[in-house]
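Proteins get letters first, then strands, A, B, ... in listed order; numbering begins at 1 in each. Quick caveat, the model's predicted, so the values are computed rather than measured.
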Protein chains: 2
Amino acid sequence: LIVAEKLVKTYSSGDLEVKAIRGVDFVIEPASFVSFIGPSGSGKSTLLNMIGCLDPPTEGQLKVVGQDVTGLSRQDAARFRGEHIGFVFQDFNLIPVLTVFENVEYPLQMVQSWPKDERMKRVQEMLDAVGMGDQGHKYPSQISGGQKQRVAVARALVTNAKLVLADEPTANLDRETATMVIELMKKMRDEFKTTFVFSTHDPRIVDNVEITFELEDGILKRHEMAKGG
Amino acid sequence: LIVAEKLVKTYSSGDLEVKAIRGVDFVIEPASFVSFIGPSGSGKSTLLNMIGCLDPPTEGQLKVVGQDVTGLSRQDAARFRGEHIGFVFQDFNLIPVLTVFENVEYPLQMVQSWPKDERMKRVQEMLDAVGMGDQGHKYPSQISGGQKQRVAVARALVTNAKLVLADEPTANLDRETATMVIELMKKMRDEFKTTFVFSTHDPRIVDNVEITFELEDGILKRHEMAKGG
Ligand SMILES: Nc1ncnc2c1ncn2[C@@H]1O[C@H](COP(=O)(O)OP(=O)(O)OP(=O)(O)O)[C@@H](O)[C@H]1O
Ligand SMILES: Nc1ncnc2c1ncn2[C@@H]1O[C@H](COP(=O)(O)OP(=O)(O)OP(=O)(O)O)[C@@H](O)[C@H]1O
Ligand SMILES: [Mg+2]
Ligand SMILES: [Mg+2]
C-alpha cells in the first residue's frame, strides 16, 4: 500500500537547514497495523506528514495507495488525502469555531459528500465509539486534552479511509481510554482491511502492532517483526 | 504548601453547565513529589488550573504557598503566579512569535526582572538540561511535539519557583527523554525543596511520586502512599 524509496526531507528557512529525514526506504502492505517509533525529534511526524501528502518529500519516491504522490500539486494532494487518508495529528488540530460534532462531520460534508442523514448517523457512531457520544455540542475549548485527542481520532476514522495515519493518538489518554481507541482501530482493520500506520512512544500501541520501524536522527535503524504479529 | 477544602469548579456557558470538580479536599506538604491521576475528563487539568491560580474555584477554599488564593483578582493572581509558580501546560502554550530561547527567557524578563547576563546563563542551562541546548534559535512551529513539550518544561522551571505544576509533562516523550525530565525535576526537589504536583496518565511519573491522588468524575477516590515514597 505504501512504498518509500530513498525518502529525504530537509526543512530550510533562512540559514536554518534541518535534514529531518535523511534517506529512508520501506514497504507497508495493505491491512497492516504498524508503527514508527524513535526518540523525540527523530523524524516520525515528518515521515507521517509525507505519507499523508501534507508535506512533499525533498528527494526520493513515495507511492501511497498505488499512486505516486511525490510530485503532487497542493490541490491534487488535498483531494487525494480527502479520498483515501484519515489523519490524527499530534496536536489534534481541531477547528475551534466548530462543535465537536461538526469537527467530526467535516470530512463527510466538506471533503466528501455524504447525504445528511447518513452523516448524522455516522458521526454519532464514531463519537460513541471513542466515548464522546454525549459531548457533541461542546466546542474544543470546552473539553479536556484527552477528549480533544479522541475527537481527532473519531474525525480520522469517520470516512472509513483505506489508510489511517495516527501521530501519537494515545499520548493524552488513560489506560482504559487508550485501550478503547486501540481496540476500535484493530476492529476496523479486521473488518474493513484498513491500514494503520502509527508514530508513537506509547508501549501500549507498540505491544499491539505487527511491525515497528525504528527511526533515529532521520534514518531507519531496523524493522522489527513483533512476535505473534 | 497547598490546602484545599471542599473545592468546586463548575463551567457554565449558555445552558451548558459542567461540574468538573465536585467537592475535593487535600493537603500537599512542601517539597512533595505528588500526582493527580484519573481517567480522561475526570478533572485533573481543572484542578491544576485552580491550584495554579489560572482559574478561580466556584466554591470552597484554596491556600497556596501560605496565601489564600480563593478570592484573588485576575491581576493579583497573575502577579502571585509569576512570583511563586511554574506551570507546564497540557498543550504547551508556547508563544509562536518568540524563539525557543525567548520563550524560556520570558518569565525571567517579562514577569520577574533578572539582569540580562544572568538570564542568558540561566536559559541556556535549562535548555541544556532538557536536551534542547542547540535549538534556542528555532520557532515553536519548527520543532517536534516532544521538543515543544520540553521547552514548556524548561520555561516552567526557569524561575526556580517554589511550586511547579506539570500537566502531562511527558505525554509526547520517548522513554529516555521522559526519564531525563523526571530526573531533572527530582534533582530540583532535592536541591531546592521545590514542590512538584503532576497531573498525568504516565506510569513513568506515577512510579516516581510519593503520593497519588485519584480523581474520578470530579471527586477524589483515595490517596495512595507509594511504597518507598
Ligand atoms: N471550559 C469548559 N467548559 C465546559 N466544560 C469543560 C471546560 N473545560 C473542561 N470541561 C469539562 O470538564 C471536565 C474535566 O476536564 P479536565 O480538562 O479537567 O479533565 P482532565 O482530567 O484533565 O482530562 P484529560 O486527562 O483528558 O486531560 C471534562 O468533562 C471537560 O469536558
Ligand atoms: N518546520 C521545521 N523547520 C525546521 N526544522 C523542523 C521543522 N519541523 C520539524 N523540524 C525538525 O525536524 C526534526 C524531526 O521533527 P519531527 O517532528 O518529525 O520529530 P518527531 O520524531 O515527530 O518528534 P516527537 O516525538 O518529539 O514528536 C526535529 O529535529 C525538528 O526540530
Ligand atoms: Mg512528532
Ligand atoms: Mg487534562
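- Using a 4.5 Å cut-off between heavy atoms, S45(A) makes no contact with chain B at all.
- Contact tally against chain B (heavy-atom pairs below 4.5 Å) for G131(A), G43(A), P203(A), A171(A): the top residue is A171(A).
- Closest of all the heavy-atom pairs between S144(B) and G41(A) is OG-N, 3.6 Å.
- Options G146(A), G38(A), A178(A) differ in how many heavy-atom pairs under 4.5 Å they form with chain B, and the most are formed by G146(A).
- Atom OH of Y139(A) and atom CG of L16(B) lie 11.0 Å apart (nearest 0.5 Å).
- Between the CG atom in N172(B) and the CG atom in N172(A) there is a gap of 6.5 Å [rounded to 0.5 Å].
- When each of L173(A), D202(A), T177(A) is scored by its heavy-atom pairs under 4.5 Å with chain B, the top score falls to L173(A).
- Between the side chains of S40(B) and Q147(A), not a single donor N or O lies within less than 3.5 Å of an accepting N or O.
- No part of T170(A) comes within reach of chain B, as not one of its non-hydrogen atoms sits under 4.5 angstrom from that chain.
- K148(A) contributes atom NZ, which lies 7.0 Å from atom CD of Q90(B) (distance to the nearest 0.5 angstrom).
- Proximity to chain A is absent for every atom of T200(B), based on heavy atoms less than 4.5 angstrom apart.
- Residue Q142(A) touches chain B through its side chain alone, counting heavy-atom pairs closer than 4.5 Å.
- Looking at R175(A), neither its backbone nor its side chain comes within 4.5 Å of chain B, counting heavy atoms on both sides.
- Of all the listed residues (K44(B), H137(B), E168(B), H201(B)), the one sharing the greatest number of non-hydrogen pairs under 4.5 Å with chain A is H201(B).
- Within a 6.0 Å sphere centred on CD of E176(B), heavy atoms belonging to other residues, nucleotides or ligands number 12 at most.
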